[in-house]
Protein chains: 2
Amino acid sequence: MAATGPLADDDARTLHQQVLARLRENILLGRIEPGQALTIRGLAAELGVSAMPVREALRQLVAERALELMDNRRVRIPPMTIERFDDLIAARVVLEAEAAARAMPYVSEALITRLEAEDAVINEAAAARDYDTWIGANFGFHAMLYGAAGQSAFLPLIESLWLQIGPFLRRAMRTISGHYTVDRHSEALAALRRRDTMALRIAIEADIRDGIAHIGSTLIRSEAMGANAVRAAHRQAQGERGLVDEVN
Amino acid sequence: MAATGPLADDDARTLHQQVLARLRENILLGRIEPGQALTIRGLAAELGVSAMPVREALRQLVAERALELMDNRRVRIPPMTIERFDDLIAARVVLEAEAAARAMPYVSEALITRLEAEDAVINEAAAARDYDTWIGANFGFHAMLYGAAGQSAFLPLIESLWLQIGPFLRRAMRTISGHYTVDRHSEALAALRRRDTMALRIAIEADIRDGIAHIGSTLIRSEAMGANAVRAAHRQAQGERGLVDEVN
DNA sequence: CATGTCGCCATGTGATCACATTTTCGCGGG
DNA sequence: CCCGCGAAAATGTGATCACATGGCGACATG
């Protein structure tokens, strides 16, 4: 079920492109559980295609670090470790703060309006615990901002990081309970309106550190401690901070 | 000739892995000219394999942004533009400075000795105009440093950037004449010995900006002006700065 | 009980082919 | 000369198959 059903019949793209897009989305949105079987023949059967486009798509996802090739030549969602998580967060902070600053001159009022609409979608999805939309719109918000200048060499790098974090992010979201609204996205939007690049950098970094970095850090360290610590770590996370943008 | 000859017979890796490694190396070292034919059947014939491992390797290289998939479904070395070049340099600066700082606690005296040896290789290769070794050892120096802690999520990102810059870097090297030794690597090594993280960050950034960013910037802006400006830009680059580490 | 061996099955890899798509080339006309 | 058209050639895509590799269970042995 890692492919979540067959491909549509009337798509003009090559099968490989369709398979790749499907799997990327499923990884980004955390729909594939770690440990779930990812075999070429299994995915091909589920998607209703031959093995070829699946093989090539898997190669591409390995290259993007969304999937990991193991010694037995199978692929899997890479397990999250403390060190890897810290690396991914640090890389997100330096790349996304820089990408946002570089995008600033290209951000129009119309784009700010669209970003606001996307932020509203995020907040609704968070309240409704619609994880697909929550992650998808969140990524959409960031990609929209960094892509304001059009093609950017930063975007594929950032996308690889999101793909790597996606499965873990969904699990981290599930540890959140309650509903508060401390909103780093609105701080970023305010910085954009004021054309304040430094404030934008700070807001993007705070968005990452106060969001996924905080909740994810709690989750991954609790996993390293064992299952019993999950509840204590969960209560700590709940008590300390607002939660909506914390999962960015 | 983009593959530079057939594969070796006694390699234990899968053919796909061998093809991928060969093509990655050739792209990183700038052995493939922009515009050079990259067809599946052509590469397969040159490497002495069937189309399959070549197809899969090309998919992977597209995912790493080393190659670009065009509308006609062919792949090519992506052309360098001013905007893209600026993005790639900025991304290198933020990622590599951070990766170096994170690696600092794991850098041993033995590693510093190995870095010094690699730097000597770079200097010899530069003096001898051995572009393969010059680029390869330079990348080796950086990868050795950032990989001091072992696996790092930064390294694949950085490697993608080097793959994207590689073909252009080789061309930029060819515009350099004369032999001076202003050495940013030795500044980085000095910072490592002193355990001075800020100085290391500064040295890495200076290495990138005073090196490839400077020469490459000259080349790409001259290309945007036209071929006649190449000589004027070339003389300017020669007159201003030492040249060895400037190509980093 | 633990360990090793063997056979079977699932899965990945590489080769090949047919078909789809794109490029090249030759010819004719203006 | 250039342009358009059609055919042939080159190239990419997807399907299929045979073989290689790895995992697992059953069985034998100490």
Side-chain angles (χ1 to χ4, degrees), chain A residues 1-3 5-24 32-64 66-79, chain B residues 1-3 5-24 32-64 66-79:
Chain A
M1 298 301 296
L7 296 179
D9 275 347
D10 56 348
D11 200 314
R13 291 171 297 177
T14 63
L15 290 181
H16 159 258
Q17 284 172 333
Q18 294 177 54
V19 172
L20 179 63
R22 172 68 69 84
L23 293 179
R24 285 169 66 86
I32 306 179
E33 298 286 350
Q36 197 165 348
L38 292 174
T39 65
I40 294 170
R41 289 178 165 107
L43 290 168
E46 190 177 348
L47 292 163
V49 295
S50 80
M52 282 312 310
V54 174
R55 284 170 64 172
E56 295 184 347
L58 292 182
R59 293 292 189 205
Q60 234 168 304
L61 291 162
V62 167
E64 295 182 69
L67 295 177
E68 170 186 80
L69 182 65
M70 297 189 285
D71 285 345
N72 66 4
R73 305 194 301 190
R74 311 275 169 104
V75 299
R76 68 176 173 176
I77 300 281
Chain B
M1 298 304 295
L7 297 179
D9 275 346
D10 56 348
D11 201 312
R13 290 172 297 176
T14 63
L15 290 181
H16 160 260
Q17 284 172 336
Q18 293 178 55
V19 172
L20 179 63
R22 171 69 69 83
L23 293 179
R24 285 169 66 87
I32 306 179
E33 299 287 347
Q36 197 166 349
L38 293 175
T39 66
I40 294 168
R41 288 179 166 106
L43 290 168
E46 190 178 347
L47 291 162
V49 296
S50 79
M52 282 311 313
V54 173
R55 284 170 63 172
E56 295 183 348
L58 292 182
R59 293 291 188 206
Q60 236 170 301
L61 291 163
V62 166
E64 294 180 72
L67 296 176
E68 169 187 79
L69 182 65
M70 298 187 285
D71 284 345
N72 65 3
R73 306 196 297 190
R74 309 275 167 105
V75 299
R76 67 175 174 177
I77 300 281

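Keep in mind the model is a prediction, meaning the values are calculated, not measured.
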Under 3.5 Å, side chain of [X] to main-chain N/O of [Y], donor-acceptor pair present?
{"X": "B:Q36", "Y": "B:E33", "value": "yes"}
{"X": "A:E46", "Y": "A:G5", "value": "yes"}
{"X": "B:R22", "Y": "B:P6", "value": "yes"}

Protein-nucleotide distance (B:L38, atom CG; D:dG12, atom C1'), rounded to Å
14 Å
Measure from CZ on B:R76 to P on D:dG12 and round the result to the nearest Å.
14 Å
For a quick test of reading the model, state the closest non-hydrogen atom pair linking A:A44 to A:S50 and the distance between them.
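Nearest pair, atom of A:A44 first, then A:S50: CB-O, 3.6 Å.
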Generate the contact string for nucleotides 13-22 of chain D. Rules: B means base contact, S means sugar-phosphate contact only, - means no protein heavy atom under 4.0 Å.
BBBB-B--SS
Option passing side chain to side chain donor-acceptor pair (under 3.5 Å) with A:H16 (candidates A:E56, A:R59, A:Q60):
A:Q60
